[in-house]
*Asks:* 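Structure in structure tokens, see below.
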Amino acid sequence: MGESSENIYSMSKQNKELPHRERVDSRNTLNDLTGKEWVYALNSIELTEGDSELLTGEQINDLSLEQWATHQSPLIDMCYPTSGEHSHAHHIRKKHPSPKPPELMKRLIEFFTKKNGWVLDPFVGVGGTLLACSMAGRHGVGVDLSRDYLDLYHSASESLNFKPQTVYQGDASRLDQIFNQKNYLFDLVLTDPPYGDMLSRKRTGERKKRTGDDSPTPFTTDEGDLGNMGTDRFYEALKSVIVQSMEFLKVKGYVVVFCKDLQPTAEHHNLIHADVVSALVQIPNLRFRGYKIWYDKSMNLYPFGYPYAYVSNQMHQFILIFRKEK
Ligand SMILES: C[S@@+](CC[C@H](N)C(=O)[O-])C[C@H]1O[C@@H](n2cnc3c(N)ncnc32)[C@H](O)[C@@H]1O
């Protein structure tokens, strides 16, 4: 859609004569969603485009009650293409161990910001967030320890003919130094941190059998990489990056953090999302507001534990939502 037709579209969404659910409320300082779009965005499960159309009731269909119930399942697939034009240069971004689909980040950005809003990702990797900013007409700023990942972001962005967003190489726990004299004021912090020493642990079980490789695969070898830290240091480091990010976040701006749980052990439940919430709510002025769940349908199912014990395939990630209150 061209710039001018987009303007016409957003102007028509403002039109006071439209029913409330079809227009953007004049009190809405957060985003450009109509009343109806807002309601569907509150679903704690991220819906695919196809399913959300179905659920809006705009599509008349022939589903039996049973089929309908299947469509309403709380675990709805979000299978993003990893090849072809809708993969958003996945062939370049896949050189990173865990790139996020730009389409998914775009949905979050469109809920938590308005057009031309500013988004910070302090653990930006190969830039899923930044590509999403380009797609959604927002300004993105990303930080990563690794120059290689930032270069891959630039290659992906260039191959898509997107305008490059701003990136900085450095340790996100020193944002004040990285941004130097810049007076950034972000509307949203959206990020996908590395989780403890999760990736640098030796691979075991199915994965080792499958790849034949048990060597650790950290994001970087840098000491400041949160992915290389033990649990206690990790939570302190994560808190300090979020505190720093909040220095550049507007009041009532949201902090949205991805998180995946680990398998439980005898020592700990490993519901990492609960521990992340407990750690981050210690930050003054940051309040936990809820979560969404992303069901990553592109993951493979493995018969872990077969035929002896239940071992979950963790196909979903938590999207933890916080707000800077003052
Ligand atoms: C899970 S990945 C983010 C992937 C990203 N969402 C994407 O789409 O590519 C986490 C990233 O954090 C970076 N990182 C780890 N510790 C960091 C730190 N202290 N400062 C900045 N970046 C860091 C790693 O290099 C890694 O690329």
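In each ligand, atom 1 is the first atom listed, and ligand 1 is the first ligand listed.
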*Asks:* Less than 3.5 Å apart, N/O on ligand 1 and N/O on the protein: could you list those pairs with the distances?
*Replies:*
{"residue": "ligand 1", "atom": "6 (N)", "partner": "Asp192", "partner atom": "OD2", "Å": "3.2"}
{"residue": "ligand 1", "atom": "8 (O)", "partner": "Lys100", "partner atom": "N", "Å": "2.9"}
{"residue": "ligand 1", "atom": "8 (O)", "partner": "Gly128", "partner atom": "N", "Å": "3.2"}
{"residue": "ligand 1", "atom": "9 (O)", "partner": "Val126", "partner atom": "N", "Å": "2.8"}
{"residue": "ligand 1", "atom": "16 (N)", "partner": "Leu226", "partner atom": "N", "Å": "3.2"}
{"residue": "ligand 1", "atom": "19 (N)", "partner": "Asp171", "partner atom": "OD1", "Å": "3.0"}
{"residue": "ligand 1", "atom": "19 (N)", "partner": "Gly224", "partner atom": "O", "Å": "2.9"}
{"residue": "ligand 1", "atom": "20 (N)", "partner": "Ala172", "partner atom": "N", "Å": "2.9"}
{"residue": "ligand 1", "atom": "22 (N)", "partner": "Leu145", "partner atom": "N", "Å": "3.3"}
{"residue": "ligand 1", "atom": "25 (O)", "partner": "Asp144", "partner atom": "OD1", "Å": "2.7"}
{"residue": "ligand 1", "atom": "27 (O)", "partner": "His96", "partner atom": "NE2", "Å": "2.9"}
{"residue": "ligand 1", "atom": "27 (O)", "partner": "Asp144", "partner atom": "OD2", "Å": "2.8"}

*Asks:* Decide, yes or no, whether a salt bridge links Asp187 with Lys250 under the criterion of side-chain N to carboxylate O below 4.0 Å.
*Replies:*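 Yes, charged N to carboxylate O under 4.0 Å.
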
*Asks:* Determine whether the aromatic ring centres of residues Tyr168 and Phe179 are separated by less than 6.0 angstrom.
*Replies:*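 Ring-ring flag for Phe179/Tyr168: true, centres closer than 6.0 Å.
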
*Asks:* Answer yes or no: does atom CZ of Arg289 have more than 12 heavy-atom neighbours from other residues, nucleotides or ligands under 6.0 Å?
*Replies:*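 Count over threshold, so yes.
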
*Asks:* Could you pull out all residues at least two apart from Arg147 that satisfy salt bridge (charged side-chain N to carboxylate O under 4.0 Å, His left out)?
*Replies:*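 With neighbours one apart ignored, the set is Asp151.
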
*Asks:* Looking at Phe258, does the NZ or CZ of Lys100 lie under 6.0 angstrom from its six-membered ring centre and within 45 degrees of the ring axis?
*Replies:*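 Pair Lys100/Phe258 counts as cation-pi.
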
*Asks:* Less than 4.5 Å apart, side chain to side chain, heavy atoms only: is that true for Trp38 and Phe111?
*Replies:*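 SC-SC contact between Trp38 and Phe111 confirmed.
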
